[in-house]
Asks: 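Just passing along the structure, written as structure tokens.
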Number of protein chains: 2
Amino acid sequence: MGADDGRRVTITAIAREAGVSVPTVSRVLNGRSDVAPDTRERVEELLRHHGYRRRTSRSVRRAGLVDLVFNDLDSPWAVEIIRGVEDVGHGAGVGTVVSAIHRQPTAARQWLQNLRTRATDGVIFVTSHLSPPLHAQLRRLNVPVVVVDPAGVPAMDVPTIGATNWAGGLAATEHLLAIGHRRIGFVAGPTHLLCSRARLDGYRAGLEAAGVPVDDALIYPGDFYHASGFAGGTALLDLADPPTGIFASSDQMAFGVYEAIRRRGLRVPDDVSVVGFDDLPEARWASPPLTTVRQPLVEMGRLAARTVLRLAQGEGIDSPRVELATEMVVRDSTAAPLTGSPASA
Amino acid sequence: MGADDGRRVTITAIAREAGVSVPTVSRVLNGRSDVAPDTRERVEELLRHHGYRRRTSRSVRRAGLVDLVFNDLDSPWAVEIIRGVEDVGHGAGVGTVVSAIHRQPTAARQWLQNLRTRATDGVIFVTSHLSPPLHAQLRRLNVPVVVVDPAGVPAMDVPTIGATNWAGGLAATEHLLAIGHRRIGFVAGPTHLLCSRARLDGYRAGLEAAGVPVDDALIYPGDFYHASGFAGGTALLDLADPPTGIFASSDQMAFGVYEAIRRRGLRVPDDVSVVGFDDLPEARWASPPLTTVRQPLVEMGRLAARTVLRLAQGEGIDSPRVELATEMVVRDSTAAPLTGSPASA
DNA sequence: TTGAGTTGCGGAAAAGTTCCGGAGTTTTTC
DNA sequence: GAAAAACTCCGGAACTTTTCCGCAACTCAA
């Protein structure tokens with residue numbers, strides 16, 4: 001596309017073609033406010049069409065801010081990501097702007113509106129859909145974007161950062177199988193998230209590799225929050241042939257499962273084993289301490305921040321898709337199933 | 001839905017469409033009296049339909065950012081505050097910049113350095129000491145400051161926002177006394193924080209009002225984090241005459257106490273009752289669900305944001321010191337003490 | 001030095017406000 | 001009952017404020 005005819009594109013050429021002066025193009029590039037909306041659009045269109053790139057890597061004016069956008073800000077999960085981003089940002093002398101767009105397009109538009117009035121060095125979306133129009137707008141503003149735990153398919157040319165969710169799901173399932181469980185319940189996350197589906201597939205793969213048939217009745221659709229874990233645990237224990245172990249695909253749901261088990265008058269791990277996913281700080285302090293799959297959330301935040309800052313400097317990216325390793329953390333919420341129960345060993 | 005087709009709506013367009021002159025529209029906008037009622041109505045209808053917005057912000061130039069500074073970003077506690085601030089900020093079209101200064105003066109200096117390169121409409125400190133030099137610097141920059149849960153004395157002329165910590169500590173103690181406990185342990189927060197001291201004083205006041213002598217051996221110095229709760233619970237249970245109920249002045253420490261009790265092979269609330277402070281979302285889902293003192297954290301964040309934005313607009317403040325009410329939330333972690341104590345039952 | 005890009009300054013034009021007067025209507029006066 | 005006075009409502013024009021962009025001077029790297 002760019003069709004840059006041998007020579008590098010300069011703002012002088014853009015200015016001539018757009019019928020404006022050089023300073024005006026410069027102002028558009030730097031996100032100044034004193035440019036008429038349609039002039040800005042015309043110039044941005046030409047910049048994009050010619051694939052303009054900043055001349056030097058050094059003279060980039062930084063806004064001193066990185067945007068971190070969540071769908072919802074209602075989980076301890078979020079703090080871990082914030083910590084990672086803030087840590088790197090702090091070291092690099094950039095502030096971290098945290099927003100929640102609550103899945104509403106109006107909120108997203110309002111956020112974008114605010115973004116226009118100031119500047120940003122880059123945007124990190126977390127488990128967000130990053131709607132095409134929004135992405136197009138950001139592209140027009142020439143703002144680098146990174147997505148953590150992308151919702152849909154890896155998408156276009158946006159770098160994404162995640163964890164090895166499939167491997168984590170597999171490891172958790174293998175752990176339960178290894179200590180003797182055969183009937184393993186699964187509380188899934190929202191199906192529209194890639195990480196949820198990967199964890200579910202890891203669970204399925206683990207069962208199949210062990211020759212245990214996958215029973216759809218043992219898979220409960222949750223949403224990562226406490227309440228759905230409670231509902232899922234209750235539903236699974238209500239089955240005629242209830243599971244001896246339950247793998248919840250988030251720690252919060254695992255705590256909900258704890259509560260469901262406790263309400264039944266049963267105990268963890270004596271009667272039912274539970275495995276979570278995330279390894280939030282509170283997993284270590286739950287009663288009993290939760291066996292879970294550790295996601296390096298802080299490290300994911302750090303990496304996202306470093307990536308977006310590199311992009312902001314015009315530097316390249318090693319890989320458009322990075323998955324950090326998960327790690328099985330065995331604590332006290334898993335044990336061998338009761339041998340006696342229906343049959344025996 | 002004004003469907004503003006790219007261009008901005010001007011009063012000229014409105015005037016043309018309404019069949020009146022520009023000055024007439026201007027008069028409607030400014031609430032002048034010399035406009036015929038039906039003319040006024042017609043114009044107002046069109047203004048509404050096109051979503052007309054005043055061109056001039058009229059107010060001072062805003063940076064569109066509010067800074068939210070924590071000491072450490074390592075507790076679910078922080079998310080609640082962030083949610084509140086972000087919520088109000090989002091509504092007002094300002095971004096929320098989250099920072100952690102890790103109690104280090106160097107980090108604070110670095111943060112201030114970053115602040116100089118950009119602009120801010122105001123700063124909210126959370127449980128921070130707000131050292132005099134830092135405060136002086138901010139004052140020099142003419143940046144409004146609000147402190148949530150101030151560390152030291154209410155300080156100079158800085159508005160502060162907190163909760164009724166003393167009343168909360170009293171309520172928790174009274175609850176334990178009411179169900180029959182006489183020997184009540186207390187796991188304190190860091191003594192340099194005002195809220196910690198207030199909770200401790202509430203505890204003492206509750207005991208004294210009930211005629212129960214305060215035993216310093218029952219007061220363990222914690223730091224609000226899990227680990228110190230575990231240490232405190234362990235230490236209290238190791239006493240020759242251990243408490244039958246433990247009041248931890250944060251939910252996280254209460255979870256640490258849970259773990260200490262569990263390690264002893266004892267049970268909550270059968271053997272030992274536990275009360276927390278904060279009412280984090282996970283308190284509801286702990287095993288067993290935690291009896292605690294609810295702090296309106298989100299609301300505190302909201303209020304802080306509203307206050308700092310009002311200050312930024314040059315408006316006045318109703319009160320320099322606001323305390324929001326705490327609320328006793330009774331769940332399943334408290335019960336009457338075993339009557340026979342060491343033996344019997 | 002040279003070329004690319006940025007910034008302070010100022011001016012033209014647009015947007016919005018205020019002053020003023022005039023047409024039409026209502027009220028008062030004689 | 002007619003003229004005068006007063007009032008209502010609105011447009012023209014002058015004025016003020018804000019936006020937008022070019023000029024020229026400047027910075028920065030090669």
Side-chain angles (χ1 to χ4, degrees), chain A residues 2 4-48 50-64 113 116-121 140-143 312-315, chain B residues 2 4-48 50-62 64 116-119:
Chain A
D4 89 284
D5 40 314
R7 287 203 56 75
R8 182 175 206 116
V9 194
T10 67
I11 64 170
T12 313
I14 301 286
R16 184 164 39 241
E17 188 167 345
V20 297
S21 67
V22 171
T24 301
V25 179
S26 172
R27 274 185 281 254
V28 170
L29 279 170
N30 293 301
R32 297 306 190 78
S33 59
D34 55 346
V35 179
D38 35 358
T39 304
R40 174 185 296 279
E41 202 165 327
R42 201 166 69 243
V43 172
E44 278 169 353
E45 169 61 33
L46 284 170
L47 286 170
R48 193 155 13 103
H50 286 116
Y52 175 82
R53 318 223 93 191
R54 290 188 141 75
R55 187 171 63 122
T56 66
S57 58
R58 190 55 262 144
S59 74
V60 254
R61 278 284 291 184
R62 294 180 331 170
Q113 191 64 32
R116 283 181 184 285
T117 68
R118 53 184 173 85
T120 188
D121 290 327
R140 181 127 36 101
L141 292 172
N142 203 25
V143 172
Q313 296 226 325
E315 296 175 34
Chain B
D4 80 290
D5 40 318
R7 303 237 6 111
R8 181 174 199 122
V9 194
T10 67
I11 64 169
T12 313
I14 301 287
R16 182 164 43 240
E17 188 166 345
V20 296
S21 68
V22 171
T24 300
V25 179
S26 174
R27 274 186 285 257
V28 170
L29 278 171
N30 293 309
R32 299 307 183 83
S33 61
D34 55 346
V35 179
D38 44 352
T39 303
R40 173 183 297 277
E41 200 166 329
R42 199 167 70 244
V43 171
E44 277 173 348
E45 169 59 31
L46 282 170
L47 286 170
R48 214 167 329 120
H50 285 115
Y52 175 81
R53 324 212 79 191
R54 286 188 133 72
R55 187 166 67 127
T56 69
S57 57
R58 176 97 35 207
S59 65
V60 240
R61 259 196 115 56
R62 295 182 328 172
R116 285 179 185 285
T117 69
R118 54 185 173 84

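Every chain is numbered from 1 and lettered A, B, ... according to where its sequence line falls, protein lines coming before strand lines. The model shown is predicted, which means the values in this text are computed figures rather than measured ones.
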Asks: In this structure, how many angstroms lie between the C1' atom of C/dA4 and the NE2 atom of A/His50, rounded?
Replies: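 Taking NE2 of A/His50 and C1' of C/dA4, I get 17 Å after rounding.
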Asks: Considering only D/dC9, C/dT17, C/dT7, which nucleotide approaches the side chain of A/Pro23 most closely?
Replies: C/dT7
Asks: Can you identify which nucleotide, out of D/dC9, C/dA4, D/dG11, has its nearest atom closest to the B/Val20 side chain?
Replies: D/dG11
Asks: Between atom CD of A/Glu45 and atom CD1 of A/Ile14, what is the distance when rounded to the nearest 0.5 Å?
Replies: 10.5 Å
Asks: What is the distance, to the nearest angstrom, from the CG atom on B/Asp34 to the P atom on C/dA23?
Replies: 18 Å
Asks: To the nearest angstrom, how far is B/Ile11 atom CD1 from C/dA15 atom P?
Replies: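 These atoms are roughly 9 Å apart.
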Asks: Would you say a side-chain N or O of A/Thr24 is under 4.0 Å from OP1 or OP2 of D/dG22?
Replies: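 Looking at the OP1 and OP2 atoms of D/dG22, one of them is under 4.0 Å from a side-chain N or O of A/Thr24.
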Asks: Considering every strand and a 4.0 Å limit on heavy-atom distances, what is the contact class for B/Val25: base, sugar-phosphate, or nothing?
Replies: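 Answer is nothing: B/Val25 stays at 4.0 Å or more from every strand.
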Asks: Of the options C/dA4, D/dG12, D/dG22, whose atoms approach the side-chain atoms of A/Ser21 most closely?
Replies: D/dG22
Asks: Rounded at 0.5 Å granularity, tell me how far CZ in A/Arg27 sits from OG1 in A/Thr24.
Replies: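 It comes to 5.0 Å.
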Asks: Quick one: the side chain of B/Arg27 and the base of D/dG11, do they pair up donor-acceptor inside 3.5 Å?
Replies: yes
Asks: Would one find a side-chain N or O of A/Thr39 under 4.0 angstrom from OP1 or OP2 of D/dC21?
Replies: yes
Asks: Can you tell me the distance, in whole Å, between the CD1 atom of B/Ile14 and the C1' atom of C/dA14?
Replies: 16 Å
Asks: Using atom CG of A/Asp38 as one end and atom P of D/dT19 as the other, report the distance to the nearest whole Å.
Replies: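 The answer, rounded to whole Å, is 15 Å.
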Asks: State which residue, out of A/Ile11, A/Thr10, A/Thr12, fulfils the side chain to side chain contact (heavy atoms under 4.5 Å, CB included) condition with A/Val25.
Replies: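 Output: one option passes, namely A/Ile11.
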Asks: Heavy atoms only: give me the nearest B/Val28-B/Arg40 pair and the separation to one decimal.
Replies: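 Smallest interatomic distance, heavy atoms only, reads O-NH1, 4.0 Å.
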Asks: C/dT17, C/dG5, D/dC9: which one has an atom nearest the side-chain heavy atoms of A/Ser26?
Replies: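 Selected nucleotide: C/dG5.
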